[in-house]
Amino acid sequence: MRNARLHDARHTAATVLLLLGVPERAVMNFMGWSNSAMAKQYQHVTAVLRGNIATRLNGFLWNDD
């Protein structure tokens, strides 16, 4: 395992907030960012998030109701 830096924890926290579905404005406030460009830099779209998006989209497009 590599040594982690405090800065790495900011990326992790921002990504977890994305996974939790926290609104961007709330994330910006919590992380102390003044513009959304920071969210793009710190939040990383993971395979789990892509899978969740695909599942939701599938349900929306092919709903049996």
Side-chain angles (χ1 to χ4, degrees):
M1 182 184 300
R2 72 178 181 89
N3 291 331
R5 301 169 296 162
L6 183 57
H7 181 77
D8 298 332
R10 289 184 60 80
H11 283 268
T12 301
T15 300
V16 169
L17 292 170
L18 177 65
L19 290 169
L20 292 173
V22 177
E24 185 175 286
R25 188 167 176 91
V27 172
M28 288 174 53
N29 180 274
F30 183 75
M31 298 296 288
W33 302 331
S34 60
N35 62 61
S36 60
M38 296 302 288
K40 292 176 186 168
Q41 180 177 346
Y42 278 86
Q43 292 180 316
H44 305 286
V45 178
T46 65
V48 170
L49 186 57
R50 284 191 302 272
N52 289 342
I53 292 167
T55 299
R56 290 174 60 196
L57 183 58
N58 184 53
F60 178 80
L61 293 174
W62 309 112
N63 192 351
D64 290 333
D65 288 346

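We number each residue from 1, following the sequence as shown.
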Euclidean distance, [Y] [atom2] relative to [X] [atom1], rounded to 0.5 Å:
{"X": "Q43", "Y": "M38", "atom1": "CD", "atom2": "CE", "result": "11.0 Å"}
{"X": "R50", "Y": "T55", "atom1": "CZ", "atom2": "OG1", "result": "13.0 Å"}
{"X": "R10", "Y": "R5", "atom1": "CZ", "atom2": "CZ", "result": "12.5 Å"}

Which atom of [X] lies closest to which atom of [Y], heavy atoms considered:
{"X": "W33", "Y": "A39", "answer": "CZ3-CA, 3.5 Å"}
{"X": "L17", "Y": "M31", "answer": "CD1-SD, 4.2 Å"}
{"X": "Q41", "Y": "H11", "answer": "O-CE1, 3.7 Å"}

Verify the cluster assignment for [X] and [Y]: are they in a single hydrophobic cluster under the rule of side-chain heavy atoms below 4.5 Å apart?
{"X": "L57", "Y": "W62", "result": "yes"}
{"X": "Y42", "Y": "V22", "result": "yes"}
{"X": "M28", "Y": "L20", "result": "yes"}

Exercise. Is a side-chain N or O of N29 found less than 3.5 angstrom from the main chain of A26, in a donor-acceptor match?
Worked result: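 No: the side chain of N29 does not pair with the backbone of A26.
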Member of V16, L19, N52, L18 meeting the side-chain contact (heavy atoms from CB on, under 4.5 Å) criterion with T46: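 Looking at V16, L19, N52, L18, the match for T46 under the side-chain contact (heavy atoms from CB on, under 4.5 Å) is L19.
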